[in-house]
2 protein chains.
Amino acid sequence: MSVQERKQRERADRERLIVATARELAEQQGWDAVTTRRLAERIEYSQPVLYSHFRGKREIIGAVALEGAAEMAAALRAATSAADGPRARVTALARTYLDFAERNPAVYDAMFQLDGGLAFAREETPEPLKDAFAALLESLGEVAGDGVHPALFTEVFWASLHGLATLTRAGRLPPGDTEQRVELFVERLAVL
Amino acid sequence: MSVQERKQRERADRERLIVATARELAEQQGWDAVTTRRLAERIEYSQPVLYSHFRGKREIIGAVALEGAAEMAAALRAATSAADGPRARVTALARTYLDFAERNPAVYDAMFQLDGGLAFAREETPEPLKDAFAALLESLGEVAGDGVHPALFTEVFWASLHGLATLTRAGRLPPGDTEQRVELFVERLAVL
DNA sequence: TCGATTGTCTAGCGGTGCTAGGATCGAATC
DNA sequence: GATTCGATCCTAGCACCGCTAGACAATCGA
């Protein structure tokens with residue numbers, strides 16, 4: 001094990017520490033509290049060290065978003081594979097999605113609300129993001145209905161989930177009726 | 001016409017100028033560019049003047065949001081009243097909503113993405129916001145379907161529209177297929 | 001005309017993201 | 001083992017942010 005290898009490993013460790021700390025801080029106190037100074041202090045390095053790993057704060061948000069996308073994809077697949085039949089799968093998918101958004105608000109923001117400098121719905125879209133969409137597509141494609149393109153249906157279904165997630169969390173919708181809303185729009189949107 | 005009345009009128013004028021300028025600047029260069037300094041410079045007063053009208057930047061965003069809500073409500077009502085039959089009304093509503101979001105991205109952000117310090121879905125919710133929701137409810141209530149609470153249906157429909165609007169504008173959804181998405185989810189969600 | 005009040009401005013506080021340039025440390029060479 | 005030298009890191013500082021205290025000028029009422 002060469003010295004160089006050890007250094008690379010330590011550098012990678014520190015990068016993970018930065019991302020994990022940013023995420024933790026964001027979940028604890030919101031993204032506004034994630035300043036480069038506070039972040040640097042928490043990882044016990046000076047500010048400029050952050051910039052040797054990331055181009056700026058935006059890229060750090062992007063890294064948290066990618067981490068979140070991978071987790072969300074895994075959660076969605078776990079939930080849908082444990083469900084029997086299309087209806088149960090779609091319901092499980094919707095619940096898991098909203099649950100993820102509620103349990104990890106900062107990560108969800110990093111993925112879909114904030115600017116993490118990531119490309120979406122494009123060729124150069126990072127793999128975790130594509131995969132998260134694929135996870136949605138896997139369960140939603142089968143309930144798109146005849147003559148409806150699975151990707152288009154998935155986009156619409158996803159947008160609805162996203163709308164529910166964000167409006168609920170931002171206090172734009174009365175809290176509490178989430179379950180009813182989910183049932184209603186699963187029932188209507190999906191062809192079962 | 002007393003001197004005091006003239007002063008009050010001038011003060012109200014200036015307040016409108018602040019809101020209009022903030023909105024204009026936000027639409028031109030994004031809300032990040034709306035700093036208190038730039039805003040003050042544009043209205044040709046010093047920074048502290050802003051604070052004699054509003055508690056802070058947040059309240060200015062809130063004022064823009066209220067203005068936007070009133071406009072959106074008017075646009076929705078104009079569109080739906082010009083349409084014949086429930087189906088045409090709902091489609092017109094959806095198109096108008098998304099069109100408003102696309103044409104006035106900064107205002108839309110002020111209403112639903114940013115923190116304007118406004119209360120939503122509560123007793124003390126400002127009138128324009130309640131009225132915008134009412135405008136949605138008027139056309140959507142009639143297609144909620146039997147046994148489904150109109151308000152609940154409106155919330156779900158609205159959330160879907162909101163999801164489409166935000167994901168599209170943030171580049172999270174491929175642009176261009178908006179019309180197809182609208183047709184699909186109007187067809188599915190509404191009971192026609 | 002003079003004091004009080006109102007209105008506005010200048011200047012500055014503590015914070016932000018980000019970076020230039022110097023200090024330090026450790027690895028490789030002689 | 002001493003010395004060089006490059007990589008690594010930190011101190012200090014930039015321009016900007018939202019917001020406010022306190023000085024100043026204009027206006028009003030007596």
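A note on names: the letters A, B, ... follow the listed sequences, proteins ahead of strands, and every chain is numbered from 1. Scope of the values below: all heavy atoms of this structure, side chains included, with no hydrogens, waters or symmetry mates.
- Between the side chains of H53(B) and Y45(B), not a single donor N or O lies within less than 3.5 Å of an accepting N or O.
- To the nearest angstrom, P of dG17(C) lies 13 Å from CG of L114(A).
- Mapping Y45(B) and T35(A) onto DNA chain C by nearest heavy atom places Y45(B) at the nucleotide closer to the 5' end.
- Residues A101(B) and Y108(B) come closest through the heavy atom pair CB-CD1, 3.6 Å.
- K7(A) has its NZ atom 6 Å from the C1' atom of dG26(C), to the nearest Å.
- Comparing Q47(B) and E44(B) along DNA chain C, the residue whose closest nucleotide (by nearest heavy atom) sits nearer the 5' end is E44(B).
- Dashed line: the shortest gap from a side-chain N or O of R38(A) to OP1 or OP2 of dT16(C) is under 4.0 Å.
- R37(A) has its CZ atom 13 Å from the P atom of dA12(D), to the nearest Å.
- Residue-to-nucleotide proximity on DNA chain D shows that, of S46(A) and P48(B), the 5′-proximal contact is made by S46(A).
- Within 4.0 Å (heavy atoms only), R14(A) reaches sugar-phosphate atoms of the nucleic acid but no base atom.
- Straight-line distance from the CD atom of E10(A) to the C1' atom of dA7(D): 14 Å, rounded to whole Å.
- For the pair T36(A) and dG17(C), the criterion of a side-chain N or O lying under 4.0 Å from OP1 or OP2 is met.
- Regarding I18(B), its CD1 atom lies at a distance of 14 Å from the P atom of dG18(D), rounded to whole Å.
- Taking the six-membered ring where tryptophan is involved, the planes of F185(B) and F157(B) are tilted, since the angle between them lies from 30° to 60°.
- Separating the OH atom of Y51(A) from the P atom of dC14(D) is a distance of 17 Å, rounded to the nearest angstrom.
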